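Remarks on the structure that follows.
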Amino acid sequence: MELRLENLTKIFTNKTGIETTAVDKLDITIESGKLVGLLGPSGCGKSTTLFMIAGLVKPTSGKIFFGDDDVTKLAPEKRGIGLVFQNYALYPHMTVYQNILFPLENMDVPRDEAITRVKEMANLVGIGNLLDRKPSQLSGGQQQRVAIARALVKKPKVLLLDEPLSNLDARLRLQMREEIKRIQREIGITTIFVTHDQEEAMSISDKMVVLDFGKEQQYDAPQEMYNSPDNLFVAKFLGNPPINTFEAEVKKGYLTINDKKFMKVDLPDALYDIGMRPENFRVAEEGGFEVDIHNIFHIGRDTMIHFEFNGKNLRALVDSDDISHGQKKVKLTIKSERVYIFDKETGLVTNHG
Amino acid sequence: MADFIKNVKGFFNKVGTAIKKFFWDVRRKINNVRRRISNFLDKHNLNFANKFPGWAKALIYLSPALIVLVIFTFYPIINSFALVVYQNYNMTNDTITGYTIFGNFLTVITDESFIVPASHTGSSAVINTLIIVFISVPISVLLALFIAAALNSIKPLKNFFQTIYFLPYVTNTIAIGLVFAYMFKTEGGLVNQFLSLFGMDTEGLSWVESGAVYWRSMFVLIFYSIWSSLAFKIMVFLTSIQGIDKQYYQAAAIDATPRNRIFSKITVPLISPMIFYILVTSVIGAFKIYNAIVALFGVTGQPAGVDYNLQSIVMYIYKFIDGSNAGNLSVAAAGSLILFAIILVLTLVQMQVSKKRVHY
Ligand SMILES: Nc1ncnc2c1ncn2[C@@H]1O[C@H](COP(=O)(O)OP(=O)(O)OP(=O)(O)O)[C@@H](O)[C@H]1O
Ligand SMILES: [Mg+2]
């Protein structure tokens, strides 16, 4: 089922009349059966967006469509969604089994089938042996998986996940990520996956939305967004290690760094923010620009070098074979389409897209 | 004018800040002194507090409360165990004629109108009390639960309704009793007037006066005791319902849970410790019922001109201290111990049953 947000806005007003715009004019269409990652820093309105789609929070303005139906005013129980809460909201007085069974008890499902579905789902998320425990007797990661099972067991039309993996260890997280993706593909359920972990979002999403202060920054496929960010915020938010940024001037059609012409650009003269991803640097035999190495970190296959450039400390991720231990200087190159130039005022990218 | 208000506000803000600063500094100085004393004590090995074992410290801290409890609770309890073995104890000159183990219990148990129903009416103190306990407690607990849930779900006038339901709690029991007696008057009472609106013949229909049958005055009594105990229960339930995390209700809404299931599967289990607490204390309270009966029917527990008696166990006991049979404290002690035993057994049963049903 297609999910469409039209101009969705939520403004919270507290008792003293101070307004917080949690979600600001969100316009997004999520194609049927796709998994969309909702990504952004803490407090940017991810949960609020999810709660509005779920019907738990009333939008200040804007509309929500499930397929062709306007559900903006529909009660949550009529929307047929599954929601995994950020802090699980498992019923503390029920066992794991009762928790997962609970949604089915409200539906028109034969008892035998309900029990089978609970067991299947519990095994799927790997908690089949914990069915008799109470939530308080589970670890955070186990509780999270119960919450996922409870949301999925009723086979909802739309699945909303609010940071569902934040409490798992790295290995389990990877495993559950793949598991969620697999289940989602299998059932073909339209899914929104909230996370503040950009790597997680990039690896699981068909498309992702980056939010900042409730505003949509970009809505694109992960690799698309990574390779051509719309603005400085998105560029900075994606990537680990993060993108290098510094200021530089464009003079007479050339990006000028350290008084040297760096590359030809078709931009008016001004000061710009420049972004270069660490992994886009290459070590060159000839040409390129020579830099002083401050530090070398060998991290497995790659080597991270810290160097000074244009008065700032930058990082480059290069092939270990190209750097020898104790090397003091290196020549680096970067392809011109991998240099991002952002307008200082608006933060928008000027040479991409 | 606006400027004036601003200045006044600014002035008060300044004063407020100064006061807060003053108390902050005072606290700092006190803490300093305290720290120095404790350092001094440690240095000269004078810190006795650390030398006591844990239980001794606990005893010292508990002693004020313990002393009061010993004088006013433990001593009377032990004393009633002592009293119950005296034979023909005479309070005025403090003499006895011998000792007995079961004698006083036998007197009470075989006494017409304690357990054994008085032959002409079929009621006794124990029967009266049990009826009150087993009818009024379940009804009042359930009613309080529903009202609290309803109060929690309304938005407009919430505080107004909360106040209304809480009013009986701050009103004197005797006063409410008198109002009840007035409402249930035979001639021109509110209830009879109300019933006659529906075409009922209320001529001579008496509730608490001469001519009222046992069950009618019992109805008024139960109605009264439910009403007067409702306020506290509602308040306790409402407070605990308001303490439930909103997320559980959001999760239930997402799962399309019907209202009655939300109530029975989420609200009730989550406040079950409170329900259990209220249940136990109300059963105990109802067993000790006294002033409700006095308020409605006077100290005899007998509506004017009827041949039965609505006295409770406590009223029965009290008669041996300050009533028609005054003076025989041993019998009163036997009665209290029987009451104690009944309450103890019932509470143990409740605790046993609750193990499965109460979720902490
Ligand atoms: N009930 C509320 N009343 C007032 N302000 C609120 C309320 N709920 C959220 N906010 C505010 O709205 C903004 C967005 O909150 P939201 O919970 O959606 O953030 P989030 O992106 O989910 O953050 P996190 O990653 O920390 O969970 C925050 O500034 C928050 O303080
Ligand atoms: Mg959140």
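Given the structure is predicted, the values throughout are model-derived calculations rather than measurements. Reminder, nothing fancy here: chain letters follow the sequence lines and each chain counts from 1.
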* Write down the atom of B:Ala251, the atom of A:Ala89, and the distance for their closest heavy-atom approach. =>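 Closest approach of B:Ala251 to A:Ala89, heavy atoms only: CB-O, 4.2 Å.
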Can you tell me which portion of [X] sits under 4.5 Å from chain B's heavy atoms? Options are side chain, backbone, both or neither.
X: A:Phe102; value: both
X: A:Met107; value: neither
X: A:Leu104; value: neither

* To do: Answer yes or no: does atom CZ of B:Phe223 have more than 12 heavy-atom neighbours from other residues, nucleotides or ligands under 6.0 Å?
  =>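 Counting neighbours around CZ of B:Phe223, 12 or fewer heavy atoms of other residues, nucleotides or ligands fall under 6.0 Å, so no.
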* Asked: Under 6.0 Å from the CG atom of A:Asp169, do we count more than 12 heavy atoms belonging to anything else shown?
  ->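 For A:Asp169, atom CG is crowded (more than 12 foreign heavy atoms under 6.0 Å).
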Any donor-acceptor pairs between chain B and chain A, under 3.5 Å? If so, list them.
| from | atom 1 | to | atom 2 | distance (Å) |
| --- | --- | --- | --- | --- |
| A:Glu77 | N | B:Ala253 | O | 3.4 |
| A:Tyr91 | OH | B:Ala252 | N | 3.3 |
| A:His93 | NE2 | B:Lys265 | O | 2.6 |
| A:Glu105 | OE1 | B:Arg261 | NH1 | 3.4 |
| A:Glu105 | OE1 | B:Arg261 | NH2 | 3.4 |
| A:Asn106 | OD1 | B:Arg261 | NE | 2.8 |
| A:Asn106 | ND2 | B:Asp255 | O | 3.0 |
| A:Asn106 | ND2 | B:Thr257 | OG1 | 3.1 |
| A:Lys154 | NZ | B:Ile254 | O | 2.9 |
| A:Lys154 | NZ | B:Asp255 | OD1 | 2.8 |

* To do: Please determine, among B:Ala253, B:Ala252, B:Pro269, the option with the most heavy-atom pairs under 4.5 Å with chain A.
  =>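 Option with the greatest count: B:Ala253.
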